Amino acid sequence: MDSVLDALNARGFIAQETDSEGGREYLRSPAACYIGFDPTADSLHVGSLVPILSLVHMQRHGHRPIVLLGGGTGLVGDPSGKTEMRKMLSIEQIQCNARALQKQLSKFLDFSDGKALFLNNADWLVGLPYIDFLRDIGCHFSVNRMLTAESYKLRLETGLSFIEFNYMLLQAYDFLHLSESNNCFLQMGGNDQWGNIVAGIELIRRKTGKSAYGVTFPLMTTASGAKMGKSAAGAVWLDAEKTSPFDFYQYWVNSDDLDVARFLSMYTFLPLEEVEAVKGLEGQDLNVCKSVLAFEVTSLVHGQEQALAAYEAACSVFGRREIDPMLLRSSAIPRAGRDRAEAVPTTAIDATRLEVGVPVVDLLVETGLCASRSAARRLIQQGGAYAGEKRISDLDASIGAGDLHEGGLILKAGKKKIHRICV
RNA sequence: GGAGAGGUUCCCAAGUGGCCAAAGGGAGCAGACUGUAAAUCUGCCGGCGAUGCCUUCGGAGGUUCGAAUCCUCCCCUCUCCA
């Protein structure tokens, strides 16, 4: 059987490997691998999907993924790829975030019977005695060498504090620790983690003489160069409370043409042969593929139920287009079905207010479609406000109970930002 | 600790007493064109009960009819020196 590394490579997951041959040898039999997630927020976002899914691939190939929560390293802060120091988070905040991330990550992997593992580096980092650590670990690091690391270079221009400078040592120590405690000799991570991963490999070699391996993922950007997971409303979170499944679905539907095939291979588990067929498509045919992409990713993150609802809601708002049964045929996306508007993010409006009539400007703000009343006015003046299919041109227009159909009404700000109100 | 440079609206960056809610660029938003894409063109882009009013130019005071612009003190960042 092909190595999981070949599979990952074919799907575009691999940016760099420290030792391609050695890594493959290591993975010939079931082995452990780990990725660290620092709890800097109470939810992961689209940017973490690549590492997460790589672990899923690992598990599917019979290996044992270790999810390392950075309860300890999060207290320090990774300067890699950052232009300035991140705000320091309190210990309580970190712990709270770590719990939230654990809950989120547990949906993707099977943690039963030790098939995958959750560990928290706070368990071994927080209590480290400073002097001992310097003597045992610190002595193996050359500052001269560290300063040449790409991850520090950027910061050398703008400023790098000592606490952040230590991050590399802590991550290297994590790897050493995991190699000894869990027989884990493979670390993966974003390409910005290269320096930290290599530092760990070298530390393991110096301390124990053993070989360890590293794999990094490409830094994901969209075809237009934007970072993954940024939308008009901010980051696209994996938490349904922070980004509704419908908005999450929409994020993927709005992918750039040039990204569709790449995203299908990285963010879904559809067979590569099927994804290959997408590459020749253009125009409306390609557009349909975006629905499949969105459906599949939403399924992975929020479950098929939610994905279905989002898909049908999108159909009801934007219209349905036939999906060729042979196109990406492994996808469970419905090839025929009913439209349902309910999955559009909805805000309930008090019935008594609707009796009198609620100004559209107010509704636009209350639903979050506009940031301020001024913005709402501007939107109306520019002709971007819709109630149902009707464009609203009057600044003083208001919505009454009679405007609702079957208890709801779709409000649109522009063509794509959509919110539903109901009684 | 010393010397110098600097902190402007989401980001970069002009502005050095009234013409400044503050140039320009980027990002973003809307409209047109489309395919819920890209590119392009046009408009918008602090807030509000809106031909006016309020809040903003690191912070706190002060000078002045009037300050982002002048003065004082403080905070923060960078560079060089110790």
Side-chain angles (χ1 to χ4, degrees), chain A residues 79 82-88 153-162 164 221-236 244 246-264 278-295 297-298 310-324 327 333 339 341 343-345 359-362 364-365 367-386 389 391-393 395-396 398 410-419:
Chain A
K82 313 272 186 315
T83 47
E84 54 192 53
M85 186 166 168
R86 190 188 284 276
K87 198 170 135 280
M88 277 227 251
K153 264 191 192 149
L154 185 65
R155 294 296 298 277
L156 251 22
E157 287 161 24
T158 60
L160 175 69
S161 73
F162 186 66
E164 295 176 287
T221 53
T222 65
S224 45
K227 258 195 208 144
M228 279 304 283
K230 282 293 173 95
S231 78
V236 180
S244 74
F246 178 76
D247 289 334
F248 185 84
Y249 174 94
Q250 284 297 317
Y251 171 76
W252 294 98
V253 173
N254 285 309
S255 295
D256 192 298
D257 280 11
L258 299 170
D259 288 327
V260 179
R262 186 165 57 107
F263 287 179
L264 278 168
V278 166
K279 287 183 179 159
L281 300 179
E282 54 184 26
Q284 305 204 353
D285 298 327
L286 184 58
N287 215 30
V288 165
C289 300
K290 294 181 186 177
S291 306
V292 179
L293 168 68
F295 176 82
V297 187
T298 308
Y311 169 67
E312 289 177 348
C315 284
S316 83
V317 177
F318 296 108
R320 176 184 293 278
R321 208 170 281 121
E322 278 295 305
I323 302 176
D324 184 336
L327 181 66
I333 195 169
D339 298 352
V344 175
V360 173
V361 174
D362 291 344
L364 287 169
V365 176
T367 54
L369 288 172
C370 293
S372 68
R373 294 165 55 78
S374 294
R377 280 158 197 272
R378 250 177 258 131
L379 184 74
I380 293 172
Q381 280 167 350
Q382 293 177 138
Y386 292 83
E389 293 307 310
R391 174 180 280 180
I392 295 163
S393 48
L395 278 177
D396 299 317
S398 55
I410 300 272
L411 290 180
K412 288 198 238 180
K415 294 285 190 307
K416 288 187 285 187
K417 274 186 294 179
I418 293 159
H419 203 98

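Quick caveat: nothing in here was measured; it's all calculated off a predicted structure. Note that these values count all heavy atoms, side chains included, but never hydrogens, waters or copies made by symmetry. Throughout, protein chains are lettered first and strands after them, A, B, ... in sequence-line order, and every chain is numbered starting at 1.
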### Query
Atom NZ of K416(A) and atom P of rU34(B): how far apart are they, to the nearest Å?
16 Å
### Rounded P spacing from rA60(B) to rC53(B) in Å
24 Å
### Task
Return the value, rounded to whole Å, for the distance between atom CZ of F246(A) and atom P of rU36(B).
13 Å
### Summary
Between S372(A) and G319(A), whichever has its closest RNA chain B nucleotide further toward 5' is G319(A)
### Message
So if I take every side-chain heavy atom of D256(A) and compare against rA37(B), rG35(B), rU36(B), which nucleotide ends up nearest?
### Response
rA37(B)
## Note on the structure
Mate of rA30(B) across any strand shown (Watson-Crick or G-U wobble, both atom pairs under 3.5 Å) is rU42(B)
### Query
Do any N or O atoms from the side chain of K279(A) and from the backbone of A261(A) form a donor-acceptor pair under 3.5 angstrom?
no
### Message
Taking rG35(B) as the reference, what is the distance to rG28(B) when you measure between their P atoms (whole Å, please)?
### Response
23 Å
### Message
In whole Å, measure the gap between the C1' atoms of rC11(B) and rU16(B) for me.
### Response
23 Å
### Task
Using heavy atoms to find the nearest nucleotide of RNA chain B for C315(A) and A385(A) separately, return the residue whose nucleotide is more 5′.
A385(A)
### Query
When you compare rG47(B) with rU55(B), how far apart are their C1' atoms, in angstrom units rounded to a whole number?
7 Å
### Query
Mind checking whether V288(A) and L281(A) have side chains closer than 4.5 Å, heavy atoms only?
no
### Y249(A) side chain near S244(A) side chain, heavy-atom distance below 4.5 Å
no
### Message
Would you say K415(A) places a side-chain N or O within less than 4.0 Å of OP1 or OP2 belonging to rC29(B)?
### Response
no
### Query
Counting only Watson-Crick or G-U wobble pairs whose two distances fall under 3.5 Å, which nucleotide matches rA23(B)?
none
### Message
With heavy-atom distances below 4.5 Å as the criterion, would you say the side chains of V236(A) and W252(A) are in contact?
### Response
no
### Message
For rU36(B), give the paired nucleotide (Watson-Crick: N1-N3 plus N6-O4 or O6-N4; G-U: N1-O2 and O6-N3; both under 3.5 Å), or none.
### Response
none
### Message
In this structure, how many angstroms lie between the P atom of rA37(B) and the CZ atom of R321(A), rounded?
### Response
11 Å
### Query
Any side-chain heavy-atom pair from Y311(A) and R320(A) closer than 4.5 angstrom?
yes
### Side-chain touch E389(A)/I410(A), heavy atoms, less than 4.5 angstrom
no
## Note on the structure
In whole angstroms, the gap separating P of rU51(B) from CD of Q381(A) amounts to 12 Å
### Nucleotide of rG31(B), rU36(B), rC44(B) approaching R378(A) most closely (side-chain heavy atoms)
rC44(B)
### Rounded distance (Å) that lies between atom C1' of rC48(B) and atom CG of D362(A)
13 Å
### Query
Of all the nucleotides listed (rA30(B), rU36(B), rG31(B)), which has the minimum atom distance to the side chain of K417(A)?
rA30(B)
### Query
How long is the line joining CG of L379(A) and C1' of rG31(B), in whole Å?
11 Å
### Task
Name the nucleic acid region contacted by G283(A), choosing base, sugar-phosphate or nothing; use a 4.0 angstrom heavy-atom cut-off, strictly under.
base
### Query
Got D362(A) and R373(A) here, is their nearest side-chain heavy-atom distance under 4.5 Å?
yes
### Message
If I pick the P atom on rA68(B) and the same atom on rA22(B), what distance separates them, to the nearest angstrom?
### Response
13 Å
### Task
May I ask which nucleotide in the shown strands pairs with rC70(B), Watson-Crick or G-U wobble, both distances under 3.5 Å?
rG62(B)
### Query
Do any side-chain nitrogens or oxygens of S374(A) fall under 4.0 Å of OP1 or OP2 in rA50(B)?
no
#### Entry: Heavy-atom donor-acceptor pair, Q382(A) side-chain to rG31(B) base, under 3.5 Å
no
### Message
Between R377(A) and rC48(B), is there a contact of a side-chain N or O with OP1 or OP2 at under 4.0 Å?
### Response
no
### Non-hydrogen side-chain atoms of I380(A) and L364(A) separated by less than 4.5 Å
yes
### Query
Is there a donor and acceptor pair closer than 3.5 Å between the side chain of D257(A) and the base of rG35(B)?
yes
### Query
Does the side chain of S255(A) get closer than 4.0 angstrom to OP1 or OP2 of rA37(B) through an N or O atom?
no
### Query
With both distances under 3.5 angstrom, what nucleotide forms a Watson-Crick or G-U wobble pair with rU56(B)?
none
### Query
For atom P, what is the distance between rG52(B) and rG58(B), given to the nearest Å?
28 Å
### Query
In whole angstrom, what separates N287(A)'s CG from rG35(B)'s C1'?
4 Å
### Message
Between rG18(B) and rG4(B), how many Å separate the two P atoms, rounded to a whole number?
### Response
28 Å
### Query
When the P atoms of rA82(B) and rU63(B) are considered, how many whole Å apart are they?
43 Å
### Atom-pair distance (CH2 on W252(A); C1' on rG35(B)), nearest Å
20 Å
### Message
Counting only Watson-Crick pairs (N1-N3 plus N6-O4 or O6-N4) and G-U wobbles (N1-O2, O6-N3), all under 3.5 Å, who is the partner of rU79(B)?
### Response
rA3(B)
